Amino acid sequence: MSQASASIPATSSPAALHPLPSYLQEDKLGPWGNYLQQVDRVIPHLGSLARWAETLKRPKRILIVDVPIHMDDGTVAHFEGYRVQHNVSRGPGKGGVRFHQDVTLSEVMALSAWMSVKNAAVNVPYGGAKGGIRVDPKKLSRGELERMTRRYTSEIGIIIGPNKDIPAPDVNTNEQIMAWMMDTYSMNTGSTATGVVTGKPIDLGGSLGRREATGRGVFTVGCEAAQHIGMEISGARVAVQGFGNVGGVAGKLFAAAGARVVAVQDHGGTIYREAGLDVPSLLRHVEETGSVGGFPGAEVIAKDAFWDVDCDILIPAALEQQITTANAGRIKARMIIEGANGPTTPAADDILQERNILVLPDVIANAGGVTVSYFEWVQDFSSFFWDEDEINARLVKIMKHAFAAVWGVSQDQKVSLRTATFIVACKRILHTRELRGLYP
Ligand code: GLU
């Protein structure tokens with residue numbers, strides 16, 4: 001192998017001969033540009049594997065689909081959908097599907113690339129993929145949502161499958177949507193293919209613990225990091241942006257461990273309580289009303305004041321590009337745990353590092369969801385289901401182990417935890433890339 005690989009020329013071509021297509025160029029602002037900057041920061045640390053690094057800058061496969069559906073009022077509406085497989089060197093593509101009015105191809109490309117890095121960081125045998133539809137699902141009836149989900153699944157059916165690419169929930173998608181996706185794929189292939197998506201209802205091959213897994217992973221790495229920097233969780237003040245499946249669960253676990261959740265922001269408002277919010281009641285309020293807005297007994301603060309809140313731990317658990325140069329200098333927290341994907345821009349990352357604020361990056365901090373997705377997929381293949389204690393114990397073990405490795409690299413090489421995670425993950429991806437070799 002060493003002889004063979006020594007004779008393989010580097011994959012990178014001079015930019016002048018093969019410029020990246022415009023949609024892949026870094027100077028286009030947005031999540032994909034941010035991801036490319038993160039890759040550039042890791043390249044000097046890849047040793048001989050750096051010759052394959054161009055692979056990380058080009059998604060393997062991009063599918064754009066038209067999703068036409070009959071609306072309830074008799075009209076026909078068209079939505080734009082995407083599925084991007086960034087890398088499949090280590091295994092089938094894996095990553096969620098997002099329904100949101102702001103979804104763009106650049107965003108889905110970045111999210112798929114972060115899945116490659118995340119899956120390699122926790123060493124689950126997957127590549128990275130992501131999908132999305134540009135739609136505000138809150139404006140659709142249940143019937144319209146089902147028809148859109150089914151048509152989208154059918155359109156991307158040519159590239160997904162239990163051994164090809166396995167979607168899962170992400171922003172605004174849930175167990176019911178996974179059930180429709182599983183059914184549509186199964187109908188089209190004449191099979192009962194539970195392993196084609198994860199995050200399914202328990203009665204349809206879903207896994208215990210999957211719903212809470214991302215938040216549990218956020219909590220687990222947060223506790224590990226707190227130990228390293230001598231921070232007590234009990235009594236720590238926590239601010240959370242986004243109080244859904246990730247932020248809500250993380251907030252609940254931190255509160256149960258004695259932390260004070262002092263501020264929460266979501267699309268419905270920003271609330272604050274110095275003595276700590278009653279998290280179980282807040283979760284019930286969100287369940288009933290759809291947002292934290294109007295929660296009794298909390299002070300309402302301005303949206304932008306969220307970033308000034310006096311806290312020890314900040315958990316962005318909503319969307320990308322929230323922590324920017326406009327607010328990074330104001331954040332009071334000692335530690336930021338990225339529950340969302342891509343919440344911090346590279347320029348903001350630099351400010352936080354200069355200010356000695358520890359950032360636990362998305363690609364490790366929110367990897368708990370896909371880790372239990374992996375358990376779900378394994379259980380579906382073996383048709384043998386594990387109990388919740390076993391799932392949580394295995395999840396915590398993987399998260400702690402992965403975090404310890406990343407922490408070690410960051411200390412040894414004096415780099416941020418984000419760059420350390422990229423070093424660990426990109427080496428794994430590019431090593432398999434090299435082992436597999438170029439076809440033909
Ligand atoms: N959407 C989640 C993420 O961003 C989970 C993906 C999965 O389970 O495949 O990590």
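What's counted below: heavy atoms across the whole structure, side chains too, no hydrogens, waters or symmetry copies. Remember, it's a predicted structure, so these values are computed and weren't measured experimentally.
- Side-chain contact between Val97 and Asp170 is absent, with no heavy-atom pair separated by less than 4.5 Å.
- Side-chain N or O atoms of Gln353 include none that pairs as donor or acceptor with a backbone N or O of Ala348 at under 3.5 Å.
- Between Trp377 and Phe381, the ring-plane angle classifies as perpendicular under the 30° and 60° cut-offs.
- Atom CD1 of Ile336 sits about 12.0 Å away from atom CG of Leu417, to the nearest 0.5 Å.
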Tell me, with the steps shown, if Asp72 and Arg147 meet salt bridge (charged side-chain N to carboxylate O under 4.0 Å, His left out). CA-CA 11 Å; Asp72 293 347; Arg147 291 194 289 280; 2.9 Å; yes
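- Side-chain N or O atoms of Asn341 include none that pairs as donor or acceptor with a backbone N or O of Leu111 at under 3.5 Å.
- Between Pro296 and His285, some side-chain heavy-atom pair lies under the 4.5 Å cut-off.
- Looking only at side-chain heavy atoms (C-beta outward), Phe79 and Asp66 stay at 4.5 Å or farther from each other.
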I would like to know whether Arg334 and Ile313 meet side chain to side chain contact (heavy atoms under 4.5 Å, CB included); could you show each step before the answer? CA-CA 6 Å; Arg334 278 178 72 196; Ile313 301 174; over 6 Å; no
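- Put simply, the side chain of Glu338 reaches to within 4.5 Å of the side chain of Val359, judged on heavy atoms.
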Decide side chain to side chain donor-acceptor pair (under 3.5 Å) for Ser207 and Gln379; before the verdict, give the C-alpha distance in whole Å, the side-chain angles of both, and the deciding distance to 0.1 Å. CA-CA 8 Å; Ser207 177; Gln379 292 171 83; 3.0 Å; yes
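- The side chain to side chain contact (heavy atoms under 4.5 Å, CB included) test applied to Arg142 returns Gln176, Trp180, not counting sequence neighbours.
- Between Met148 and Val135, the closest side-chain pair of non-hydrogen atoms falls below 4.5 Å.
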Would you check, one step at a time, whether the test salt bridge (charged side-chain N to carboxylate O under 4.0 Å, His left out) holds for Asp310 with Lys332? CA-CA 6 Å; Asp310 230 332; Lys332 308 269 192 313; 5.9 Å; no
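- Screening residues 225-282 for ring pair (Phe, Tyr, Trp, His ring centres under 6.0 Å) gives Phe219-Phe254, His228-Trp407 as the qualifying pairs, with residues at least two apart or on separate chains.
- Surrounding NZ of Lys164 are more than 12 heavy atoms belonging to other residues, nucleotides or ligands, all under 6.0 Å away.
- Of all non-hydrogen atoms in Pro169 and Arg210, the two that sit nearest each other are CD-NH2, 4.3 Å.
- Between the side chain of Asn327 and the main chain of Ala305, no donor-acceptor pair closer than 3.5 Å is present.
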Trace of the side chain to side chain donor-acceptor pair (under 3.5 Å) decision for Thr173 with Arg98: CA-CA 6 Å; Thr173 54; Arg98 168 175 301 201; over 6 Å; no
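- For the pair Ser291 and Asp266, the tightest heavy-atom approach, listed with the atom from each and the gap, is CA-OD2, 3.2 Å.
- Using a 4.5 Å cut-off on side-chain heavy atoms (C-beta onward), Ser112 and Gln85 make no contact.
- A side chain to side chain contact (heavy atoms under 4.5 Å, CB included) with Ile271 holds for exactly one of Leu282, Ile301, Val262; it is Leu282.
- Nearest heavy-atom pair across Ala193 and Ser186 is N-OG, 3.0 Å.
- Looking at Arg216, its side chain never comes within 3.5 Å of a backbone N or O of Gly368 through a donor-acceptor pair.
- With Tyr126 contributing its side chain and Ile166 its backbone, the two residues share no donor-acceptor pair below 3.5 Å.
- Summarising the local packing, CD of Glu390 is surrounded by more than 12 heavy atoms from other residues, nucleotides or ligands at distances under 6.0 Å.
- Considering Lys94, Arg61, Arg83 as possible partners of Asp165, the one that fulfils the side chain to side chain donor-acceptor pair (under 3.5 Å) test is Arg83.
- The CD1 atom of Ile177 lies 9.5 Å from the OG1 atom of Thr153; values are rounded to the nearest 0.5 Å.
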Please determine whether side chain to side chain donor-acceptor pair (under 3.5 Å) holds for the pair Tyr35 and Gln37, giving the CA-CA distance in whole Å, both sets of side-chain angles, and the decisive distance to 0.1 Å. CA-CA 5 Å; Tyr35 163 75; Gln37 281 177 279; over 6 Å; no
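- Side chains of Leu360 and Met335 form a contact here, defined as non-hydrogen atoms less than 4.5 Å apart.
- Put simply, the side chain of Ile398 reaches to within 4.5 Å of the side chain of Phe375, judged on heavy atoms.
- Applying the ring pair (Phe, Tyr, Trp, His ring centres under 6.0 Å) test to His45 and every residue at least two apart in sequence or in another chain returns nothing.
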Before giving the answer on salt bridge (charged side-chain N to carboxylate O under 4.0 Å, His left out), spell out for Asp278 and Arg273 the whole-Å C-alpha distance, their side-chain angles and the decisive distance to 0.1 Å. CA-CA 9 Å; Asp278 176 351; Arg273 187 163 185 267; over 6 Å; no
Working for side chain to side chain donor-acceptor pair (under 3.5 Å), residues Glu434 and Trp52: CA-CA 8 Å; Glu434 183 167 79; Trp52 295 98; 2.9 Å; yes
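- Within 6.0 Å of CD on Gln101 lie more than 12 heavy atoms contributed by other residues, nucleotides or ligands.
- Here the options are Ile364, Val370, Thr371, Asp362, the test is side chain to side chain contact (heavy atoms under 4.5 Å, CB included), and the partner is Lys118; only Val370 passes.
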Between Glu175 and Arg211, is a salt bridge (charged side-chain N to carboxylate O under 4.0 Å, His left out) present by the stated rule, with each step listed? CA-CA 9 Å; Glu175 294 174 5; Arg211 201 182 300 164; 2.8 Å; yes
